[in-house]
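Below is one structure, written out as structure tokens; comments come after it.
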Amino acid sequence: MTMKKGILGKLKKKTRIRTAAILVMAEILVALGSFTGCGNTTAEVPELLEPVSAVNAYRPVAKRRVGVITQYEGVVVPMEYPVYVKKTTTLAKVEVGVGDYVNAGDVIATAVTNGKEEQITQLQNEIASLQRERTKTKNISDATITKLGYEKKIEEFLQNTDGINTKTLEILVEQENQRYNLAVIDNSISEKRSSIAELQEENADINFVAPHSGRVTFVKDMTQTNTLEPFENIAVISDYNDLYIETDDTNMGHYNLEDYESKWAFINGKEVEITEHKYTNEEISYANSMKKYPPMAYDAPGAMLTMGVDVVLFFMEEDNSPELVVGNDSISYENGEYFVFVKGDGEVNEKRIIDVGTSDGNYTIVKSGLEEGELVFYRNDALIPKNYETAIASIGDYRETQSTEIVEFAYPYYEFYTAEVGGTYRKLHDTGKATTGDALFSVESSVGRAELDKIKEDIADLDQQRTKSNREYEYNKKDLETEIHGADCFGPDDIGTDTDAAREYMYYAERKECELDILTYQETYENNEYVAQRAIKNAEYTKMEKGTKDLGGTSDYIEYSTSPGRISFIQYGEDRAVEKDSFVMTEELMGDQNGRTKLLAIMGSGTKDPQNAKIGSTVTLKKKDKSWTGTCFGQNGDKGVFYLFTDDGKPCITHSTPFNKNVLRQFYIEMDTELTEVDLMQTELEFYSVDVRDVVLIPASAMKTEITQLSSKEKYYVWKVEDGEIVKEYVDVFNPGAPTSVKYILNGLEPGDTVLK
């Protein structure tokens with residue numbers, strides 16, 4: 001099975017830098033409104049309106065990546081392999097819990113057989129009965145043929161040709177009857193075996209196995225039901241050794257592969273090209289027909305990916321090579337021409353006509369008219385700091401944190417309890433902790449006394465018939481044994497030519513032995529059949545009797561807890577009617593902790609923009625002066641995220657239903673040590689909601705903000721030291737509003753650049 005899939009939880013919504021050309025040009029023209037000229041090659045620097053602005057503000061012409069850049073936030077995730085149902089299915093058992101390692105082919109869950117096992121058992125009983133009948137039929141026929149053989153010998157002794165022919169024909173008829181009767185029985189057995197094979201083939205679907213080896217990172221919530229809808233995931237298995245980048249900012253249905261010529265990301269401090277994680281044409285067509293699309297996914301060939309780390313993905317519709325640019329705040333426009341002021345000697349500057357290209361709202365590509373390194377005047381309405389400290393843009397890790405105080409012990413395993421009989425429900429246990437052997441519930445069976453009495457009557461009839469048949473057998477057996485023991489041995493010399501005597505006495509004992517064998521074969525068959533049918537009736541009675549007895553005010557049918565765990569939901573109330581085999585409750589089990597406590601963290605409703613910890617990421621549980629570390633190993637499902645893959649040669653789309661329908665963000669973690677209930681009291685779990693590695697960072701105090709005149713949008717800039725000059729440099733910033741001590745610069749600075757703070 002090849003899989004390409006979705007992921008459970010994600011980061012914030014996408015950050016796009018996409019500026020319409022008309023808007024960009026309008027902002028440029030507004031900014032240039034007070035600048036005029038007559039095409040002279042030199043001009044004085046225009047007088048600034050703001051007295052606090054730097055009079056001599058220049059920025060060197062440099063190469064920069066400029067254009068319409070789209071940014072998506074991605075995260076490194078493991079390849080996931082769903083274990084799912086194709087039709088509405090009720091589970092009898094889930095064999096794994098979140099965090100378990102499984103091998104390909106391991107049984108993940110087993111479905112309820114829906115009576116097929118009972119049908120198979122009934123057919124097997126019928127086959128056993130037919131086999132007993134076959135043995136009886138053959139043995140009686142063989143004994144009959146043996147007896148006819150003795151009678152034929154008598155006719156041969158009497159040299160009676162007609163008699164010989166008659167007996168020969170009777171033997172042939174009996175042999176043919178035996179062949180036919182055995183064939184009929186064999187055919188019936190074969191048909192029943194075929195029916196069993198069909199049922200077993202259907203039952204083969206009840207075992208859901210792992211399509212791939214890996215860690216279980218999701219299991220369907222089974223606390224309130226053990227039934228799944230078509231194409232719903234029972235579990236999801238993640239291969240930690242097969243990583244790629246995924247973003248929920250866009251999905252396959254809203255992403256045109258041909259839109260972008262350039263696609264890249266910064267991974268481990270290096271710029272790397274990324275490629276789309278491909279789907280087959282059949283998968284894409286199927287997703288389009290279903291209108292269900294998985295998140296977009298990307299590979300970074302040659303890069304070493306780290307699970308759980310965030311990656312910003314960059315896209316451009318054109319080539320992303322750096323181009324020679326000038327700031328929009330340097331460009332003037334008049335008489336259909338764009339121009340800038342290039343710094344000259346003293347206060348006199350050269351007016352330079354330029355040919356412009358694409359703009360991103362802050363910088364514009366210069367096709368001609370300027371050389372790299374030339375200093376160009378720019379309009380600066382921001383106050384250049386006089387007292388400042390400097391900082392160096394450096395490569396580091398950018399992180400945003402979230403925390404929650406809602407942390408509890410995890411119960412990743414399930415034990416289902418169903419009503420084995422139909423009747424009236426009696427609650428014996430409330431929700432909450434349960435220990436091994438606790439009485440959970442009982443059912444007073446709705447089976448009436450008349451139904452039980454009918455089975456008893458059937459058993460009594462079997463006993464009576466068996467007794468009668470056995471007496472007849474013993475009586476007839478005794479008579480035959482007496483005749484056999486008392487028979488005189490008559491040979492040819494004794495009989496002579498007496499035809500009647502020969503037919504009466506010749507081989508008398510041998511023929512009576514055959515009759516006794518036939519009688520015994522019939523008796524053996526009837527007794528074996530009686531034993532089998534009585535056992536079937538007894539089992540039926542025992543099963544039907546369950547729940548009909550009163551044990552001191554409680555039904556004799558009681559379900560007990562099989563392991564220590566927790567009951568979080570009970571399907572029925574006291575005195576409610578319960579159908580046979582209906583789901584009653586699930587007991588959640590901790591399983592073997594192996595000295596490493598498993599916890600469930602839930603993001604509170606008051607959390608702003610709540611996130612999940614990411615699979616494989618580190619978390620910290622804090623309590624006053626103590627702290628413990630752990631790792632996220634499972635996440636909540638998301639019904640709106642789809643998994644697209646090929647299974648058995650056919651495209652398929654599945655989804656994972658949240659395991660707590662009232663909480664969107666929650667995740668499983670495994671602590672490095674074993675914790676107690678006391679340890680968990682008054683704790684706070686902290687984790688990285690954003691974790692980007694090896695990117696350009698500056699102190700948060702170095703980032704400045706201004707509002708554009710036309711669109712009222714915020715722009716971000718830094719004061720950069722360039723060849724001893726303080727220059728206003730516009731930058732793209734990742735999540736600029738995040739309350740962090742450092743800022744991640746997406747575009748505009750290089751490691752080693754000096755900025756003011």
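All values reported here derive from a predicted model rather than from experimental measurement. Just so you know, residue 1 is the first one in the sequence shown, and it goes up from there.
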- [ ] Measure across P294 and F642 and return the closest heavy-atom pair with its distance rounded to 0.1 Å.
- [x] CB-O, 3.2 Å
Open item on the list: Parallel, tilted or perpendicular, judged at 30° and 60°: which one describes the rings of F633 and Y668?
Closed with: parallel
Open item on the list: Looking only at the side chains, is there a donor atom on one of T223 and E588 sitting less than 3.5 Å from an acceptor on the other?
Closed with: no
Open item on the list: Do the side chains of K639 and E229 get close enough for a salt bridge, i.e. N-O under 4.0 angstrom?
Closed with: no
Task: Y572 and F441 aromatic centres sub-6.0 Å - done: no
Open item on the list: If only side-chain N and O atoms count, and only distance matters, is there a donor-acceptor pair under 3.5 Å linking S141 with Q178?
Closed with: yes
TODO: Please answer whether the main-chain N or O of D550 pairs with a side-chain N or O of D556 as donor and acceptor at a distance below 3.5 Å.
DONE: no
Open item on the list: With a sphere of 6.0 Å drawn around CD of E574, does it hold more than 12 non-hydrogen atoms of other residues, nucleotides or ligands?
Closed with: yes
Task: Check: Q522/E526 side-chain N/O donor and acceptor closer than 3.5 Å - done: yes
- [ ] Grab the two heavy atoms, one from M222 and one from F416, that are nearest each other, plus how far apart they are.
- [x] CB-CE2, 3.5 Å
- [ ] For the residue pair R449 and L452, establish whether any side-chain heavy-atom pair is separated by less than 4.5 Å.
- [x] yes
Open item on the list: Using a 3.5 Å distance criterion without hydrogens, assess whether the side chain of E540 forms a donor-acceptor pair with backbone atoms of I455.
Closed with: no
Open item on the list: Between D647 and Y84, do the side chains contain a donor N or O and an acceptor N or O under 3.5 Å apart?
Closed with: yes
- [ ] Kindly indicate whether the side chain of Y473, heavy atoms from C-beta on, has any atom under 4.5 Å from the side chain of T520.
- [x] yes
Open item on the list: For the backbone of F667 and the side chain of N636, can you confirm whether one donor and one acceptor N or O come within less than 3.5 Å of each other?
Closed with: no
TODO: State, to 0.1 Å, how close T227 and K220 come at their nearest heavy-atom pair, and which atoms those are.
DONE: O-CE, 4.2 Å
TODO: Specify the closest pair of heavy atoms between I570 and H429, including all atoms of both residues, with the distance to one decimal.
DONE: CD1-O, 3.3 Å
TODO: Assess whether atom CZ of R596 is packed by more than 12 heavy atoms of other residues, nucleotides or ligands within 6.0 Å.
DONE: yes
Open item on the list: For a salt bridge (Lys or Arg N to Asp or Glu O under 4.0 Å) check, start with the C-alpha distance between K433 and E677, then their side-chain angles and the critical distance, and finish with the verdict.
Closed with: CA-CA 13 Å; K433 290 186 177 180; E677 289 187 16; 2.5 Å; yes
Task: Shortest non-hydrogen contact from V578 toward Y425 - done: CG2-CB, 3.3 Å
Task: Exceeds 12 heavy-atom contacts within 6.0 angstrom, atom NZ of K292 - done: no
Open item on the list: I need the T225 OG1 to F569 CZ distance, nearest 0.5 Å.
Closed with: 8.5 Å
Task: Neighbour count >12 (heavy atoms, 6.0 Å) for atom CD, E481 - done: yes
Open item on the list: A side-chain contact here means heavy atoms from C-beta on lying under 4.5 Å apart; do L440 and L428 qualify?
Closed with: no
Open item on the list: Using modelled atom types and a 3.5 Å cut-off, is there a donor and acceptor pairing between side-chain atoms of Q465 and backbone atoms of L462?
Closed with: no
TODO: Check whether any side-chain N or O of S188 sits under 3.5 Å from a backbone N or O of V184 as a donor-acceptor pair, and report yes or no.
DONE: no
Open item on the list: Could you tell me if S656 and N233 have a donor-acceptor pair between their side chains, going purely by distance under 3.5 Å?
Closed with: yes
Open item on the list: I'd like to check I196 versus I127 (side-chain heavy atoms, cut-off strictly below 4.5 Å). Are they in contact?
Closed with: yes
- [ ] Kindly compute the distance separating CD1 (I108) from CD1 (I237), expressed to the nearest 0.5 Å.
- [x] 4.5 Å
Task: Pair Y541-D458, side-chain donor/acceptor within less than 3.5 Å - done: no
Task: Among E415, E587, E408, salt bridge (charged side-chain N to carboxylate O under 4.0 Å, His left out) partner for R566 - done: E408
Task: T404 side-chain N/O to I602 backbone N/O, donor-acceptor pair under 3.5 Å - done: yes
Open item on the list: As a test of understanding, state which of T597, D672, D679, L599 forms a side chain to side chain contact (heavy atoms under 4.5 Å, CB included) with W628.
Closed with: D679
Task: Salt bridge present between R466 and E523 (N-O < 4.0 angstrom) - done: yes
